[in-house]
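Structure, as structure tokens:
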Amino acid sequence: MTDPTMMESLSNLFVYSAIAVYSLALLAHAAETATRTTPRARATVTPAGVTAQEPPSTATMQTPRSARWGAVGTSLALAGFVLTLAATVTRGLAAGRAPWGNMYEFALVSTVAVGGAYLFFLTREPVRAFGVWIVALVLLALGMAVTVFYTPVDELVPVLDSYWLVIHVAAAIVSGGIFSLGAVATALFLVRDRAERRALSSGAPAPRGRYAATLPASTTLAQVAHAAHMFAFPIWTFAVLAGAVWAENSWGRYWGWDPKETWAFITWVMYAAYLHAESTAGWRGRRAAWFALAGYAAFLFNFFGVNLWISGLHSYAGV
């Protein structure tokens, strides 16, 4: 049998090691971002003899130096992901249950979900530009976990002692990790789109702004954001429905407008509005993006704000 005290200490060691590794990853990705080049449009002559500006290629953004820093940052992010995964597994072994029974554990396993979503989507080239922001989000979550939310391993309160803890909360965690990636893609889309609009209005051949000019094209960022949200939204829908079934088993009703239930529904509505706006002419693009960011803000408030500041049936998951 495993020693719970030893497993808890090992989990804490993995968490602090992950913080150190992710800090190095943040520095590496920051160096990658700082050493990217600003692509320039190239003049070409059409068969009709008209000089035209060829859009800059995203491949010109990477220099050998930035590529090396990016590889280092990605390797460190992978190592950090493995460490947070190990911390989660050992925390679960110490508790003898699913390791997401309180805010500390939820924050810890959320970093696994965010890091895993980033590494999973990394096969899509534009996602490499997100590294510094994803790592910063993970570091922020880990920092809050160990300084604000930490609680020693303990037994679950009776209402959480259910197999629905695994089903409902796991779905919420996975969707939250992918929503985080989508939120970063959406925010960067707004930055790049604004730069492109300014360049278009001024007649400049390419977006200005040291950082915005090195980002992938706004259409590419919009595609990544849409793909992430399309992936996560059905999982979040399942999490909301599973929560309703769990509520009926625990409290004898499927829905009671408890604060956490209410904000889960608000989150669902915001993301549904985003996906609908993306399919509606005149709303896709910048207007739709604000719905996505509102959905992510509601998701974060559901975790932090409701648990810390609002009393309700879900208050047992506090610090």
Side-chain angles (χ1 to χ4, degrees), residues 29 33 36 38-41 53-61 114 117-118 121-122 124-137 140 175-237 263-302 305:
H29 279 304
T33 302
R36 283 176 177 265
T38 303
R40 298 179 181 277
Q53 295 290 342
E54 180 181 338
S57 170
T58 57
T60 62
M61 297 178 187
V114 174
Y118 169 64
F121 278 88
L122 200 56
R124 303 189 64 162
E125 182 64 29
V127 178
R128 296 183 182 275
F130 304 175
V132 65
W133 302 109
I134 294 295
V135 171
L137 272 177
L140 179 62
S175 57
I178 305 173
F179 279 148
S180 297
L181 181 72
V184 171
T186 302
L188 294 182
F189 158 76
L190 290 172
V191 172
R192 174 71 185 193
D193 183 68
R194 183 183 182 187
E196 289 178 357
R197 288 171 181 268
R198 285 184 171 181
L200 184 63
S201 63
S202 64
R208 298 174 180 175
R210 180 68 179 85
Y211 179 66
T214 63
L215 290 172
S218 62
T219 53
T220 303
L221 291 169
Q223 290 171 359
V224 173
H226 187 262
H229 290 117
M230 282 291 291
F231 194 150
F233 183 71
I235 304 175
W236 180 252
T237 301
W263 279 96
F265 179 68
I266 291 172
T267 302
W268 187 90
V269 168
M270 289 295 102
Y271 280 120
Y274 161 76
L275 293 175
H276 179 71
E278 277 288 280
S279 63
T280 304
W283 279 90
R284 64 175 63 96
R286 293 185 66 85
R287 290 182 177 180
W290 290 112
F291 283 114
L293 292 182
Y296 190 62
F299 175 84
L300 292 179
F301 183 79
N302 195 20

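Numbers for residues simply follow the sequence, beginning at 1. Quantities reported herein were computed from a predicted structural model and do not represent experimental measurements.
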How far apart are the closest heavy atoms of Ala292 and Tyr274, and which atoms are they?
CB-CD1, 3.6 Å
With rounding to the nearest 0.5 angstrom, report the CD1 to CZ distance, Ile235 to Phe179.
8.5 Å
Rounded to the nearest 0.5 Å, how far apart are CG of Leu188 and OG1 of Thr220?
12.5 Å
In short, salt bridge (Lys or Arg N to Asp or Glu O under 4.0 Å) pairs touching residues 281-299 with sequence neighbours left out are Asp193-Arg286
Under the rule for side-chain hydrogen bond (donor to acceptor under 3.5 Å, both in side chains), what residues qualify as partners of Ser180, not counting sequence neighbours?
Tyr296
Distance-minimising heavy-atom pair for Pro126 and Val224:
CB-CG2, 4.2 Å
So, using ring-ring contact (aromatic ring centres under 6.0 Å, His included) as the criterion, who are the partners of Trp268 when residues are at least two apart?
Phe233
NE2/His276 to CZ/Phe291 distance, rounded to the nearest 0.5 angstrom?
9.0 Å
Working to the nearest 0.5 Å, report the span between OH of Tyr211 and CZ of Arg192.
11.0 Å
Do you know which two heavy atoms are closest between Ile178 and Ala228, and how far apart they sit?
CG2-O, 3.3 Å
About how many Å separate CG of Leu293 and CE of Met270, when rounded to the nearest 0.5 Å?
12.0 Å
Do you know the tightest heavy-atom contact between Leu181 and Ala117?
CD2-O, 4.0 Å
Centres of the Phe121 and Phe130 rings: under 6.0 Å?
no
Val114 vs Tyr118 side-chain heavy atoms within contact, under 4.5 Å
no
Let me know which of Arg197, Gln223, Glu196, Arg194 forms a side-chain hydrogen bond (donor to acceptor under 3.5 Å, both in side chains) with Ser218.
Glu196
Taking ring-ring contact (aromatic ring centres under 6.0 Å, His included) as the test, write out the residues that go with Phe299, two or more places apart.
Trp236
Identify, with sequence neighbours excluded, every residue that meets ring-ring contact (aromatic ring centres under 6.0 Å, His included) alongside Phe301.
Trp263
Could you state the interatomic distance from CZ (Arg128) to CD1 (Ile134), rounded to the nearest 0.5 Å?
14.0 Å
Note: Ala225 and Gly182 closest approach over all heavy atoms is CB-O, 4.1 Å
Under 4.5 Å between any side-chain heavy atoms of Asn302 and Ile266, yes or no?
no
Return the set of residues passing side-chain hydrogen bond (donor to acceptor under 3.5 Å, both in side chains) with His229 (not counting sequence neighbours), or none when no residue passes.
none
